[in-house]
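Down below is the structure, laid out as structure tokens.
Chain identifiers are assigned alphabetically (A, B, ...) following the order of the sequence lines, protein sequences preceding nucleic acid strands; residue numbering begins at 1 within each chain. As the structure is a prediction and not an experimental result, all values here were calculated from the model.
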Number of protein chains: 2
Amino acid sequence: MTRRSTLGARNRGIPEATVARLPVYLRALHTLAERGIVTVSSEELAAAAGVNSAKLRKDLSHLGSYGTRGVGYEVQYLVYQISRELGLTQDWSVAIVGLGNLGRALAGYGGFASRGFRMSALLDADPAIVGERINGLTVEHIDKLEQVIADCGISIAVLAVPASAAQPVCDRVVASGVTSILNFAPVVLTVPDGVDVRKVDLSIELQILAFHEQRKAGGPAGVEQEYLEAVDGS
Amino acid sequence: MTRRSTLGARNRGIPEATVARLPVYLRALHTLAERGIVTVSSEELAAAAGVNSAKLRKDLSHLGSYGTRGVGYEVQYLVYQISRELGLTQDWSVAIVGLGNLGRALAGYGGFASRGFRMSALLDADPAIVGERINGLTVEHIDKLEQVIADCGISIAVLAVPASAAQPVCDRVVASGVTSILNFAPVVLTVPDGVDVRKVDLSIELQILAFHEQRKAGGPAGVEQEYLEAVDGS
DNA sequence: AAGCCTTTGTGAACGCATGCACAAAGTCGG
DNA sequence: CCGACTTTGTGCATGCGTTCACAAAGGCTT
Ligand SMILES: NC(=O)c1ccc[n+]([C@@H]2O[C@H](COP(=O)([O-])OP(=O)(O)OC[C@H]3O[C@@H](n4cnc5c(N)ncnc54)[C@H](O)[C@@H]3O)[C@@H](O)[C@H]2O)c1
Ligand SMILES: NC(=O)c1ccc[n+]([C@@H]2O[C@H](COP(=O)([O-])OP(=O)(O)OC[C@H]3O[C@@H](n4cnc5c(N)ncnc54)[C@H](O)[C@@H]3O)[C@@H](O)[C@H]2O)c1
């Protein structure tokens with residue numbers, strides 16, 4: 001007796017918006033599991049994840065028919081299915097390039113390991129940083145990049161280098177075989193087809209908040225007059 | 001002669017997707033300005049920002065008619081208009097709550113000040129951290145939250161506290177008058193209407209990358225068999 | 001065994017975002 | 001001053017994502 005419906009459902013094409021929410025559901029499910037909860041309805045899980053329950057059900061329906069009508073979803077089983085879909089049943093080796101303020105914080109963070117991401121390599125160009133031990137790992141010189149990536153089987157790299165170094169470093173990690181990049185530098189990276197880039201830009205987040213904040217306070221006040229003052233001339 | 005078209009255009013309702021891209025355009029424009037470039041076409045700016053040029057033009061058209069046909073956009077003028085729309089012609093005071101690994105990195109980052117965000121207050125609950133000086137600021141005890149927020153006129157808070165503390169801390173900063181929150185803790189925050197929350201979740205970013213990475217390698221391999229093994233029983 | 005009750009999975013409608021393609025607008029050389 | 005050329009601003013079509021609403025499905029009680 002196989003539990004998963006063999007027909008339909010598994011489209012092979014999961015919408016990007018759904019993929020972005022699966023980790024949120026997964027986190028909510030883990031929290032429920034810790035509390036010993038065995039079964040959860042779409043309504044409850046949606047509330048825990050902060051989304052509409054119809055959206056949740058549609059999202060899950062892309063993975064298969066894993067619920068039971070009149071009951072809900074079995075927490076553990078759903079955890080497994082989402083994990084599998086996201087590729088978290090295997091561990092991923094990750095390299096961090098740039099061990100400055102931000103890189104250090106990331107390297108020392110425990111929340112990655114618990115989700116199947118192992119920080120396997122730390123790389124920096126600064127001789128003063130190379131050799132340092134952070135969270136049990138030794139920082140290697142960036143010249144060993146190719147070697148380290150091959151040795152550790154790394155396919156995901158985190159870039160925490162200055163903006164000016166980001167594209168060159170990106171080119172190198174891509175040339176070394178990395179096909180997924182998480183970029184913290186405030187630049188638009190150019191990569192070949194087949195390489196995924198996701199960016200995290202904290203300044204942008206603050207600017208978006210500022211926009212809405214300004215709206216609450218009555219919208220942008222500036223008129224033409226102000227520009228002339230601002231540029232201080234003409 | 002006023003430069004900005006007085007009619008239409010300024011809808012007061014800028015699409016959220018556009019708002020999220022304006023900071024990217026702004027960054028590209030700053031880079032161009034540094035190189036001494038005075039005028040830029042939508043095609044060039046779009047390339048620098050990594051978007052489609054039609055999208056760029058439509059985005060900018062929401063702010064007004066700031067281009068010149070046959071020529072393009074004046075870099076400085078566009079910088080000013082976007083800055084004004086985003087609310088960056090004024091400075092914003094920001095509080096950081098939680099000065100652990102991540103909070104420290106943020107507090108020490110220079111890229112915020114240059115975009116009009118001043119880190120005005122650092123708050124933590126740990127007596128060992130309170131009193132410490134980071135980047136010229138003294139870490140205050142979380143008990144002074146209300147007072148500090150009022151004194152510094154803070155409306156934006158960054159939460160870099162553990163997941164378990166995030167909601168309580170959130171409630172407190174909201175009660176103190178903060179109406180915009182940037183949250184790094186991996187939890188869904190509940191806030192009253194009128195308060196904006198943006199989340200940055202690095203684990204989620206990695207999980208999304210893992211999903212696509214797995215796809216490149218041939219899709220999720222698991223079948224029912226594997227679940228039974230995984231739960232190790234039954 | 002039958003009917004009631006709960007909850008899923010999805011069809012359909014709607015709204016937002018994207019990108020093409022082009023007319024209108026403006027520049028610039030002659 | 002004119003005509004050719006460039007580039008903007010936008011109408012329109014298309015596709016994606018969200019939400020409502022409900023029939024079908026399954027469990028549970030009697
Ligand atoms: N710190 C923050 O809170 C923060 C916030 C937003 C964005 N960022 C961005 O994240 C990136 C890192 O920020 P940070 O504060 O850690 O900067 P940082 O200057 O403290 O660290 C950068 C590190 O990269 C290393 N590096 C430089 N060039 C390199 C190269 N070619 N190869 C390998 N390593 C190299 C440096 O030696 C340094 O250790 C920057 O692009 C920054 O704009 C940081
Ligand atoms: N460090 C990372 O790279 C990273 C990555 C992803 C997510 N996060 C998330 O960011 C948050 C912070 O991460 P971190 O690594 O800096 O953690 P951390 O434990 O190093 O720092 C947390 C800080 O918050 C303070 N704190 C705890 N309770 C508080 C309270 N009630 N009021 C005020 N301060 C309080 C602690 O004293 C500590 O200084 C966590 O939620 C974490 O899950 C961190």
Which nucleotide in the set dT18(D), dC20(D), dC20(C) lies at the smallest distance from any side-chain heavy atom of K55(A)?
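In terms of side-chain proximity for K55(A), the closest of dT18(D), dC20(D), dC20(C) is dT18(D).
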Under 4.0 Å protein heavy-atom contacts per nucleotide of nucleotides 24-30 of chain D, with B for base, S for backbone only and - for none
BBSS---
Mind checking what makes side chain to side chain donor-acceptor pair (under 3.5 Å) contact with S203(A), not counting sequence neighbours?
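Side chain to side chain donor-acceptor pair (under 3.5 Å) list for S203(A), sorted by chain: empty.
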For T31(B), the side chain to side chain donor-acceptor pair (under 3.5 Å) test, sequence neighbours excluded, returns none
Report the distance from atom [atom1] of [X] to atom [atom2] of [N], rounded to the nearest whole Å.
X      : N       : atom1 : atom2 : result
I14(A) : dC16(D) : CD1   : C1'   : 16 Å
H62(B) : dT18(C) : NE2   : C1'   : 12 Å
D59(A) : dT18(D) : CG    : C1'   : 10 Å
L63(A) : dG9(C)  : CG    : P     : 10 Å
L56(B) : dT18(C) : CG    : P     : 12 Å
R57(A) : dC22(D) : CZ    : C1'   : 11 Å

Which pairs count as side chain to side chain donor-acceptor pair (under 3.5 Å) when at least one residue sits in residues 154-169 of chain B, sequence neighbours excluded?
Q167(B)-D171(B)
Please tell me if the side chains of V40(B) and L29(B) come closer than 4.5 Å, counting only heavy atoms from C-beta onward.
yes
When you compare the side chain of V187(A) with that of K199(A), does any pair of heavy atoms fall below 4.5 Å?
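Not in contact.
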In residues 15-49 of chain A, which ones come under 4.0 Å of DNA chain D, going by heavy atoms?
P15(A), A17(A), R21(A)
What pairs with [X] under salt bridge (Lys or Arg N to Asp or Glu O under 4.0 Å), at least two apart in sequence or on another chain?
X       : result
R21(A)  : D59(A)
R198(B) : E205(A)
R115(A) : none
E44(A)  : none

Testing I181(B), I156(B), V94(B) for side-chain contact (heavy atoms from CB on, under 4.5 Å) with L209(A), which one passes?
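Only one of I181(B), I156(B), V94(B) forms a side-chain contact (heavy atoms from CB on, under 4.5 Å) with L209(A), namely I156(B).
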For residues E213(A) and S180(B), is any side-chain donor paired with an opposing acceptor at under 3.5 Å?
yes
Respond yes when some side-chain nitrogen or oxygen of Y66(B) is under 4.0 Å from OP1 or OP2 of dT7(D), and no when none is.
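False: Y66(B) side-chain N/O out of range (4.0 Å or more) of dT7(D) OP1/OP2.
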N52(A) side chain near dG17(D) phosphate (N/O to OP1/OP2, under 4.0 Å):
no
Give me the distances for all protein-to-nucleotides 11-13 of chain C N/O pairs that come in under 3.5 Å?
unit_1: dG11(C); atom_1: O6; unit_2: K58(A); atom_2: NZ; d: 3.2
unit_1: dA12(C); atom_1: N6; unit_2: K58(A); atom_2: NZ; d: 3.0

Going from OH on Y73(A) to CD1 on I82(A), what distance comes out if it is rounded to the nearest 0.5 angstrom?
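Between atom OH of Y73(A) and atom CD1 of I82(A) there are 9.5 Å.
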Partners passing side-chain contact (heavy atoms from CB on, under 4.5 Å) against S53(B) (at least two apart in sequence or in another chain):
S42(B), E43(B), A46(B), R57(B)
Set out, in order, the CA-CA distance, both residues' side-chain angles and the distance that settles ring pair (Phe, Tyr, Trp, His ring centres under 6.0 Å) for Y77(A) and Y66(A), then state yes or no.
CA-CA 8 Å; Y77(A) 186 59; Y66(A) 298 139; 5.6 Å; yes
Please list, for nucleotides 2-5 of chain D, all pairs of protein and nucleotide N/O atoms separated by less than 3.5 Å.
none

